[in-house]
Structure formats: C-alpha cells, structure tokens
Amino acid sequence: MIAEAGHYALVLALALALIQSTVPLLGARLNDGALMNVARSTALVQLLFAGLSFTALVWLHVTSDFSVVNVFENSHSMKPLLYKITGVWGNHEGSMLLWVAILALFGGLVAAFGNNLPLSLRAHVLAVQGWIATAFYLFILITSNPFARLANAPAEGRDLNPVLQDIGLAVHPPMLYLGYVGFSISFSFAAAALIEGRLDAAWARWVRPWTLIAWIFLTLGIAMGSYWAYYELGWGGWWFWDPVENASLMPWLAGTALLHSALVMEKRNALKVWTILLSILTFSLSLLGTFLVRSGVLTSVHAFATDPSRGVFILMILCVFIGGSLALFAWRASALKQGGLFAPISREGSLVLNNLFLTTACATVFVGTLYPLALEVLTGDKISVGAPFFNLTFGPLMVPLLVAVPFGPLLAWKRGDLVGAAQRLIAAGVVALLAVAFVYAWTRGGAVLAPLAIGLAIFVIVGALVDVAERIALFRGPLSISLRRASGLPRSSWGTMFAHAALGVTLIGIVCETTWNSEYIAAMKPGDSTKLAGYEFKFEGATQRQGPNYRELLTQFTVTENGRLIGAMAPSKRSFITRGSSTTEAALLSRGFSQLYISLGDLNDQGAVTVRIYHKPMVLLIWLGPIMMALGGLLSLSDRRLRVGAPKPAKAPRVLQPAE
Amino acid sequence: MTRKQRRLAMIGGAGVVLVVAVGLVLNAMRDSIVFFSTPKMVAEQPIAAGKRFRLGGVVEPGSLERGEQLRVSFKVTDGSATLPVAYKGILPDLFREGQGVIAEGSLDKAGVFEADTVLAKHDEKYMPKEVADALKKDGHWKDDYGNKPAAPTTSGQTSASAAEGGK
C-alpha cells in the first residue's frame with residue numbers, strides 16, 4: 001500500500017511538473033499574472049508530492065518490506081536503523097528519487113522565497129525547473145521504478161554493500177546532490193534570462209545566493225567523500241582521480257568560476273554572456289556527473305551496450321538539456337546588452353583570470369575523464385588515465401591561479417594598481433620566503449618542490465589576511481578604529497578571506513601528506529611492537545566480536561611516544577555474513593593536525609595479522625580547508641546585500657574599500 | 001584601449017592559457033597513460049620487460065601463495081593464457097581467488113609480472129570492467145562471476161600499493 005502510494009505520488013509530481021513547465025510560459029506570453037502564478041503553487045505542491053514519494057521509500061526501508069525489489073536488494077532486517085534509512089540512497093533507484101526530491105526542494109524554495117523576483121522571471125525560472133523535473137520523473141518512472149514489487153516476498157533482504165554502511169557515506173550523497181541539483185537554479189535563471197532576453201545586475205544578485213548554497217554543499221560533499229575514502233578503504237588515500245570523483249570535481253570547478261563571474265556581473269554589470277554560459281556549463285557538468293555515475297558507462301561500456309535503457313535515457317536528457325540550452329545561448333546571447341568596460345589590470349580582470357584558469361583546469365579534468373571512454377568506444381583500446389596525468393596537467397594550472405589569488409581582492413574595480421597591490425603583498429611574500437627557507441632547512445634539504453609549495457600556500461593564507469588587514473587599516477592607526485572598521489566590514493569580505501585562506505590550508509595538507517607520509521607494513525603477532533615516525537606501536541591482542549549484521553576481528557594497539565602512553569587504537573576487520581564480503585575499519589589517532597592510521601589486512605595461519613601503519617602529517621588540513629571554504633561561503637551568503645535583496649547595487653559596503 | 005583592443009587582449013590571454021593547457025595534456029598523454037592487457041594479449045603480443053601496463057584477469061583458484069614479509073604470488077588467467085604475478089604488500093579487501101583483479105606494474109626478465117599496485121575494483125558484479133569486457137569478448141565469461149550483487153552507487157576501489165611509503 002505504501003509502495004503504491006509512493007509510486008502514485010511520483011506520478012502526480014510528474015503531472016504537476018508538466019503543468020509547471022507549460023502554463024507559466026503561456027502566462028508570460030499572454031502577460032497573464034494568474035497563469036504565471038501557477039508556477040508558484042505547482043512548484044510547492046510538487047515538492048509536497050516528491051517529498052511524500054521519498055518518505056514512502058524511506059518508510060519501506062525502515063519497516064523492511066522485502067516485497068519491494070529495491071528494499072529486498074539493498075536492505076536487511078538486522079541492519080541498524082541509521083543504515084536502513086541511508087540505504088535508501090545507497091542504490092540507483094533510491095538515489096535518483098533523492099535527486100528529484102532535492103530538485104523539487106530547490107524549486108519549492110524559489111517559489112516560497114522568490115517573492116521579490118519579477119513575476120515573469122519567476123515564471124520562466126520555475127518553468128525551466130519544471131522541464132528538468134519532468135525529464136527526471138520520466139526517467140525514474142520508465143527505467144528505474146523504486147517501488148516495483150516482487151511476486152513472492154522473500155523473508156530476508158540481500159543487505160547493503162558493506163562499504164556503504166558507514167556514517168560518512170550516509171551523509172555524502174545528499175550533500176553532493178544538494179550541490180549538483182542546486183546548480184539547476186542558476187541554470188534555470190540563465191535559461192529564463194535568455195528566453196526573456198533581459199539580463200541586468202539584479203539578475204546576478206538573485207543568482208549568486210543560489211549558486212553559493214549549491215557550491216557550499218558541493219564543497220562539503222566532495223570533502224566528505226574524500227574523508228570517507230581515506231578512512232574506509234583502508235590504505236589512507238584521499239583522492240584517486242577516479243572518474244566518479246572527477247564527475248563531482250568538474251561542476252565544483254565550473255561552479256567556483258561561476259561564483260566569481262557572477263560577482264563581476266553583480267557589481268559591474270560586465271561579463272554577462274560569459275556568466276550565462278558558465279551557469280549552463282556548470283549544470284551541464286552536474287548532469288554529466290549524474291550520467292557517468294548512473295548510466296553504468298563507467299562500470300562497463302559493455303554493460304551500457306547490452307542494457308542501454310537507463311544509459312540512453314540519461315544520455316538523451318543530457319543531449320536535450322545541454323544541446324538545447326547551448327542552442328538557446330547561441331540564438332539569444334547576442335541580444336544581451338554589452339556590459340561595463342574595464343582595464344585588464346583590475347578586479348574584473350583578475351576575476352577573468354580566475355575564470356580562465358578554473359575553466360581550463362576543468363577542461364583538463366574533462367579530457368582525462370572522458371578520453372578513455374571515447375577511445376574505448378572508437379577504437380576498443382583500453383587505457384587508464386590515473387593520477388600521473390592529472391598531476392601533470394591540473395597541478396601546473398593551479399600554481400599560477402594560486403599565485404594570483406591574493407592579488408585579486410587588492411585590485412580596485414575598473415582600473416587596478418598592480419604595483420600597489422604587490423607592495424601591499426610584500427609582507428606576505430617575505431613570510432612565504434621565510435617559510436620556504438625554514439621548511440627546507442628543517443627537512444634537511446630533502447625535496448625542493450615541497451617547501452616551495454608550502455611557501456605558495458603561506459603566501460595565499462597571509463595574502464588573504466593582508467587583504468582584510470588593509471581594509472580595516474590595521475597597524476596604521478589606533479586599534480579601536482581598526483576594530484570599528486572590522487565590525488563594519490561586509491561579511492562577504494570575511495567570506496573571501498576564509499575561502500581564499502582555505503586554499504592555502506588545503507594545499508599545506510596535501511603537500512605534507514604526499515611528501516612526508518610514512519608507512520610500515522608487516523605481519524604482527526600479539527605482543528609485537530614497531531616504531532614509526534617517533535611513535536611506538538604495540539600490538540596488545542585480538543578478539544572476535546559479533547556485530548548486528550557482521551562478525552568483527554577487533555585488535556588493540558597502544559601507542560607510546562618517548563615511553564609515554566598517548567593512546568589506544570582499535571582497528572578492526574568486519575565480515576558481513578549476507579554479502580560474504582569484508583570491510584576494513586581503520587583506527588585513527590589525531591596528533592594536532594597529523595594522524596596516526598592503522599588498518600588490518602588478512603589473518604594468516606600462524607595467528608599473525610598483516611598491519612599497515614601510517615603517519616600522515618598535517619593530513620586533517622586537507623579537509624579543514626574545504627570546511628573553511630564552506631564557512632567562507634556561509635559568511636558571504638549572510639552578507640547584508642544578499643539578505644536585504646534590494647535590486648539596486650549596494651553603495652554602503654563599498655565605502656570601506658581602499659583605493660577606490 | 002578601445003573595446004576591440006581589450007577584447008583582443010583578453011582573447012589573446014585566454015589563447016595562451018589554452019595553448020599551455022593543451023601542451024600539458026598532450027605531454028601527459030604521452031607519458032602517463034597506462035595501457036590495459038590481459039594474459040592472452042601478453043602471450044600474443046609480448047610486452048617489453050620494464051614497460052608499465054595494467055594486467056587484468058581472474059585470480060586462478062589455488063594459485064595464491066603467501067611468502068615471507070608480505071610477499072605474495074598468484075596467477076592471473078583469462079581462460080586461454082596465464083601469467084604469474086609477484087607482489088609485496090597487503091592485498092585489498094576484495095581480493096580473492098576466482099575473482100577479477102587488476103594489477104599495475106611491469107614484466108621482469110623472467111616473465112613474471114612484478115606488480116606494485118593491486119586493485120580489486122568492485123562494480124556491481126565484483127568484476128573490474130576491463131576484465132569483464134575482455135572475458136566476454138573471448139567467450140570465457142561465466143555467469144557465476146556475476147552472482148554477487150552490490151549497490152552500484154559507488155565504483156570506489158580498494159587498492160594496495162606497496163611503493164608509496166618509500167617515495
């Protein structure tokens with residue numbers, strides 16, 4: 001009954017989406033306010049039905065109704081409640097249902113909070129949302145119905161893949177989808193602007209908060225996925241340049257570029273056409289990510305060819321939306337008015353540079369991800385494009401971008417003073433050089449590249465601080481004035497500082513982890529001890545334990561530093577009965593930002609366990625960086641000019657900016 | 001500068017970055033792309049010792065031997081040819097006899113594949129896609145390879161790499 005209700009709710013949501021994608025457009029043509037307002041109610045009711053449908057599936061999973069195929073294949077009555085719920089999106093059908101539910105959520109939010117939008121713009125935006133929703137409802141109902149029943153209900157389910165039974169992966173997909181799908185809003189705004197042929201600074205003001213929200217979630221989602229891979233896969237890697245990861249990195253890079261170009265458009269009414277194009281590209285890359293992960297094309301080109309219904313359907317959605325929006329762009333973009341002028345050396349110029357590098361880096365990731373697929377389809381040759389490729393392409397493109405990051409905020413709009421900006425960054429440069437010398441000396445002349453990279457990271461961090469220090473005239477007058485200025489500084493400036501400094505923080509983490517990571521692998525018996533990076537690890541013993549739906553080999557280690565006990569670590573290995581597979585639960589011990597990491601291999605005949613022990617210096621900074629970026633985004637989102645939402649350019653906050 | 005000159009400067013700058021990026025991509029394509037082979041392909045077209053490639057196939061049942069200090073050796077087969085593999089380190093969780101595996105490394109002079117990385121990539125069939133495709137092409141695919149369903153959400157991989165620590 002619940003399953004049928006959920007299915008029915010989904011069909012109703014499709015019907016509403018169809019209305020939403022046509023009637024408001026008609027209203028806009030006829031200039032009929034009542035018809036345009038239909039968009040608002042349909043979006044809200046559609047959210048209700050999509051939400052009901054999703055809730056129904058959650059309910060089926062929680063109550064372990066194994067007469068539903070989806071529940072039977074991905075759940076087990078003994079699974080803990082948390083994983084019964086998160087198992088809903090641990091499979092294809094359920095995750096697509098989550099996808100449309102989030103799409104409906106964003107549509108509903110625009111409908112609910114878009115009161116200050118011009119009526120026709122809101123009608124157009126929601127209509128475009130309706131088209132996307134229609135396509136994906138059809139996809140679910142035709143190819144991947146999560147509510148399909150089994151003729152004979154089995155007594156027990158087949159359980160969820162054990163590596164997915166983890167809190168990190170429980171939260172990761174919803175975060176990622178909030179990011180992916182959130183970019184549909186800026187896409188809809190772009191399409192609406194193209195259809196209406198009208199685009200002004202106010203448009204950018206409305207788009208930017210939505211883009212920021214999506215970007216914050218995507219940033220956190222990617223970071224969480226990376227941390228999950230780090231502790232769950234058992235060998236301490238945190239980024240594999242796997243196509244699935246690249247699929248989320250590409251929209252992030254394009255979305256970051258979009259955030260910055262929308263800023264130029266909002267403040268200076270320039271880069272309009274480019275911003276529209278970026279909005280389209282960002283969401284297109286989100287769709288591409290959905291296609292790559294959901295069509296099975298990565299798993300096997302062969303599987304894609306033999307069971308093409310899903311893959312071809314998403315490919316069609318991809319072609320229609322990307323092709324359609326780009327055609328609309330080609331047709332209408334020339335109608336948009338030219339924006340303001342600016343010199344190459346200016347805030348605008350620096351943001352163009354940012355966009356240039358981000359989109360180029362995104363393009364290299366695109367090539368590295370799709371080239372093997374294209375080659376296999378065209379010639380049948382199988383190649384793997386791994387980390388070395390991306391290190392040689394993505395890496396070099398990030399270096400000039402990072403060097404330029406501190407300069408951007410110090411340049412004035414319209415016409416900047418590069419020498420002046422450089423002078424103000426002298427302090428940051430000096431600190432960076434000292435850091436290079438210090439790290440080089442401290443590591444006794446080891447790698448040269450690593451100290452330089454750390455110097456670059458320090459330059460970015462100090463540069464971000466210098467920007468704010470300049471704005472509040474720190475050290476140039478009484479502290480009280482600086483404090484007063486600081487409290488009056490727009491939150492978006494603080495946001496910029498956090499997000500930019502976060503880049504440096506992440507870079508330090510990456511460089512330290514990859515350069516000075518130390519590792520020890522051996523078979524150990526209870527009572528054995530070993531030394532690594534100044535720590536002594538003693539294997540105390542192993543016990544067997546029964547978990548809710550697995551058996552567990554639990555081991556105890558004690559860690560001492562210079563004879564002083566600093567902690568116990570308990571890595572384990574779980575064997576899941578139903579699936580007949582096992583997972584490694586690594587034990588982590590944080591020392592400042594560094595971590596000690598133990599994971600277990602096999603138990604051999606003589607009672608010895610193979611053990612991997614790592615010391616990962618500064619590794620936590622890799623994820624602290626994205627959290628700081630998200631915090632920066634949040635600060636920027638709470639900025640007064642976005643909250644107040646007046647469509648006129650805000651004059652007040654810019655009074656405090658120097659050199660204008 | 002006029003609008004036209006500014007636009008030209010902008011396009012020129014973008015062109016330079018794009019040219020550099022294309023250069024980087026082509027350079028990386030030449031050096032860092034690893035080809036995939038099966039034991040049968042190695043038997044038919046010998047690969048020079050020392051050249052890196054990815055070897056894929058099924059771990060031959062009964063061939064896994066554990067030696068001293070985490071040394072392991074096993075044989076990889078694709079039904080028509082077999083290649084011995086040597087590896088030092090911890091095998092990934094999903095590694096098991098009779099299941100698909102991908103090893104990355106190179107052949108030594110004796111014709112043994114010295115792997116520095118062993119991947120047990122789990123798709124929904126617990127079979128790496130290259131291996132599945134190769135087996136299906138040669139008609140050695142058995143349906144029971146595919147009898148272990150898994151959630152297709154992640155195509156994550158577990159991997160073991162012995163060479164990392166030393167770098």
Side-chain angles (χ1 to χ4, degrees), chain A residues 73-74 89-92 95 158 160-161 163-164 169 173 229 233-235 237 240 242-244 293 296 298-302 341 343-344 352 356-357 360 363-364 367 381-386 388-389 392-393 396-397 517-523 579-584 601-602 604 610 612, chain B residues 1 3 6 9-10 13-14 17-18 20-21 24-25 27-29 31-37 54 56 66 69-70 88-94 102 104 122-130 132-134 136-137 148-162 164-167:
Chain A
E73 282 182 348
N74 298 291
W89 52 83
N91 63 81
H92 171 80
S95 72
R158 290 158 92 172
L160 180 68
N161 189 340
V163 292
L164 304 184
L169 215 63
L233 296 184
W235 63 291
F240 304 87
D242 186 275
V244 176
V293 179
L298 290 176
T299 326
S300 165
V301 175
H302 186 95
L341 278 175
V352 168
L356 186 59
F357 277 103
T360 312
T364 61
V367 169
D381 277 346
K382 295 188 182 72
I383 58 166
S384 77
V385 174
F389 173 86
L392 284 174
T393 53
L397 284 172
N517 165 39
S518 43
E519 175 181 338
Y520 172 86
I521 307 181
R579 292 249 176 185
S581 57
S582 56
T583 63
T584 307
D602 300 314
N604 74 7
T610 45
R612 310 175 135 226
Chain B
M1 273 200 269
R3 187 182 279 271
R6 280 180 188 177
M10 205 97 89
V17 174
L18 283 179
V20 169
L24 286 172
V25 166
N27 175 47
M29 287 267 178
D31 295 339
S32 61
I33 279 181
V34 183
F35 279 84
F36 171 85
S37 265
R54 279 189 168 197
R66 293 180 190 274
Q69 293 208 316
L70 303 173
K88 181 174 183 293
I90 296 186
L91 293 167
D93 282 351
L94 294 161
I102 288 183
E104 193 170 320
H122 50 88
D123 65 359
E124 51 202 293
K125 303 276 188 265
Y126 275 64
M127 183 67 73
K129 81 166 203 209
E130 292 92 338
D133 285 351
K136 278 175 185 162
K137 204 169 71 189
K148 285 206 170 70
T153 307
T154 175
S155 84
Q157 57 190 27
T158 55
S159 123
S161 172
E164 281 154 15
K167 276 177 205 162

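Note on naming: letters A, B, ... go to the chains in the order of the sequence lines (proteins, then strands), and numbering restarts at 1 for each one. Side chains included, hydrogens not; waters and symmetry mates left out as well; all remaining heavy atoms used.
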A.B. asks: Of all residues at least two apart in sequence or in a different chain, which pass the side chain to side chain donor-acceptor pair (under 3.5 Å) check with A/Thr583?
C.D. replies: A/Glu585
A.B. asks: Between A/Thr364 and B/Ala21, what is the shortest heavy-atom contact and its length?
C.D. replies: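 Closest approach of A/Thr364 to B/Ala21, heavy atoms only: CG2-CB, 4.4 Å.
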A.B. asks: Heavy-atom pairs under 4.5 Å with chain A are the metric here; pick the option from B/Met29, B/Glu104, B/Arg66, B/Met10 that has the most.
C.D. replies: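 The candidate making the most pairs under 4.5 Å is B/Met29.
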A.B. asks: Output the option from A/Ala229, A/Pro388, A/Pro396 having the highest count of non-hydrogen pairs under 4.5 Å with chain B.
C.D. replies: A/Pro388
A.B. asks: Quick one: do B/Leu24 and A/Leu397 satisfy side-chain contact (heavy atoms from CB on, under 4.5 Å)? Show the steps, please.
C.D. replies: CA-CA 9 Å; B/Leu24 286 172; A/Leu397 284 172; 4.2 Å; yes
A.B. asks: How would you list, by chain and number, every residue that makes a side chain to side chain contact (heavy atoms under 4.5 Å, CB included) with B/Ala28, sequence neighbours excluded?
C.D. replies: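 Per chain and number, B/Ala28 pairs via side chain to side chain contact (heavy atoms under 4.5 Å, CB included) with A/Phe389, A/Leu392, A/Thr393, B/Ser32.
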A.B. asks: Measuring from atom NZ of B/Lys88 to atom CD1 of A/Ile521, what distance do you get when rounded to the nearest 0.5 angstrom?
C.D. replies: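 B/Lys88 atom NZ to A/Ile521 atom CD1 measures 7.0 Å (nearest 0.5 Å).
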